[in-house]
Amino acid sequence: MLGESLLTLAALAGQMVVDAATSDGWEKAERGYAQLLGRGNAKQAKLARGWLEETREQLSRGAGADMGLVRTALAGRWAGRWADLLEADPDAEAELRALVQEAQAALPAGQVPPSDQAVSADGDASSYAAGPDHPGALATRSELAYSAGQAGDAAAARDQFATLLPMAERVLGPEHPDTLAARASLAYWTGQAGDAAAARDQFATVLPMAERVLGPEHPDTLTNRHNLANFTGYAGDGAAARDQFATLLRARERVFGADSPDTLVARFNLAYWTGRAGDAAAARDQFATLLPIRERMYGPDHPDTLAVREELAYWTGCAGAAAAARDQFATLLSAYEEVLGSEHPETLAVWYQLAHWTALAGDEGATQD
């Protein structure tokens with residue numbers, strides 16, 4: 001985990017990318033940033049150049065009331081990338097500090113960076129002039145916490161969001177959208193860290209706040225509703241999760257359309273929790289309806305399509321047709337081996353299911369004889 005000095009360096013470097021993107025010295029700055037992020041890897045450097053160009057394009061679309069929020073969001077995103085770099089390669093610190101100093105020196109005389117950062121004469125970007133509670137620093141903390149979770153440490157993400165939340169409440173207010181986002185992130189990573197009941201309770205608290213502040217059909221509100229339903233199920237109440245997803249599905253169809261990715265995810269989860277609530281035949285039928293939609297949208301071998309085929313096979317067996325489940329898993333296994341490889345965990349899981357339903361189909365045949 002990064003210390004305060006490197007955390008602030010990452011935040012400052014993120015702001016410098018945003019400042020440089022609208023300056024005359026962008027080409028030189030872009031080369032330096034891409035080279036540092038590439039760390040000698042041509043493909044990674046090319047990816048970094050793509051990120052940089054995307055940032056410049058977003059900032060060049062004009063001014064307006066939302067541009068301040070756009071700049072803050074982009075600075076936070078870049079702060080997270082620099083933080084990831086510093087964690088992966090501590091030796092990059094000196095070069096990043098040098099790039100920050102160079103970027104600041106290139107600013108027009110008298111221009112103060114929007115987030116009031118300061119670098120001392122010896123190059124130590126050790127503090128925000130506005131303090132660690134500055135919104136830019138809060139955005140950086142959020143990016144770092146999210147990165148920890150994405151890297152596989154859900155408990156660290158949970159703990160970092162738990163630290164961030166009271167700071168956001170104090171600085172932004174308890175019902176500011178960014179505060180609500182931090183609250184929702186804390187709930188999500190609490191669940192991912194293994195406490196589904198606590199995540200359910202936290203989402204139950206944040207949902208009415210999001211409905212009031214953002215509106216009942218705002219995308220973030222619907223995401224909170226989605227997570228509440230899932231963690232309700234994981235906490236042991238499959239029937240309640242099923243009913244919540246049935247309500248969510250109607251809202252997402254109305255807001256996003258029947259074939260949007262968000263709607264299809266809700267449809268998938270409705271079928272899943274229908275089965276977990278005890279109705280295997282209904283789950284089988286719902287997955288059978290979803291499968292041709294996924295195939296049409298993503299193709300027959302897309303991981304999301306394969307996931308539907310796997311669930312369809314499983315609930316077919318649970319509904320009493322072990323031989324049909326065996327045959328579906330046998331076909332599915334070939335697809336997984338081709339797409340993911342023979343030793344991928346998902347492929348091995350299908351191997352297990354094939355063996356399980358093959359055994360049951362044999363017992364089923366013996367009983368019939």
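Residue indices begin at 1 and follow the sequence shown.
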Salt bridge or not for [X] and [Y], using N-O below 4.0 Å?
X: E93; Y: R97; answer: yes
X: E95; Y: R39; answer: yes
X: R284; Y: E311; answer: no

Is there a donor-acceptor contact under 3.5 Å from the side chain of [X] to the main chain of [Y]?
X: T347; Y: G341; value: yes
X: N269; Y: V265; value: yes
X: T305; Y: G299; value: yes
X: S185; Y: A181; value: yes

Got a sec: does the [atom1] of [X] have more than 12 other heavy atoms crowding it under 6.0 Å?
X: E211; atom1: CD; value: yes
X: F256; atom1: CZ; value: yes
X: W51; atom1: CH2; value: yes

* **Pairs flagged by salt bridge (Lys or Arg N to Asp or Glu O under 4.0 Å) wherever residues 249-261 is involved - sequence neighbours left out** => E217-R254, E253-R267, D259-R296
Minimum heavy-atom distance [X]-[Y], with the two atoms named:
X: A21; Y: W26; result: CA-CE3, 3.2 Å
X: A75; Y: Q15; result: CB-OE1, 3.6 Å
X: G215; Y: T221; result: O-OG1, 2.8 Å
X: W78; Y: A48; result: CH2-O, 4.4 Å
X: A258; Y: T263; result: O-CG2, 3.4 Å
X: A240; Y: D237; result: N-OD1, 3.1 Å

* Run the numbers on E310 and Y336 for side chain to side chain donor-acceptor pair (under 3.5 Å), then give the verdict. => CA-CA 10 Å; E310 185 173 354; Y336 267 106; 2.9 Å; yes
Answer with yes or no after comparing the ring centroid distance for [X] and [Y] against a 6.0 Å cut-off, counting only values under it.
X: Y352; Y: W357; value: no
X: H356; Y: F329; value: no
X: W82; Y: Y33; value: yes

* Ignoring hydrogens and angles, state whether a donor on the side chain of W273 or D243 is under 3.5 Å from an acceptor on the partner side chain. => no
* Can you find a pair of side-chain heavy atoms, one from W315 and one from R276, that are under 4.5 Å apart? -> yes
* Would you say the side chain of R183 lies within less than 4.5 Å of the side chain of F203, judging by non-hydrogen atoms? -> no
* Nearest-0.5 Å distance that lies between atom CE in M209 and atom OG1 in T179 -> 8.5 Å
* Member of V213, L172, D220 meeting the side chain to side chain contact (heavy atoms under 4.5 Å, CB included) criterion with L180 -> V213
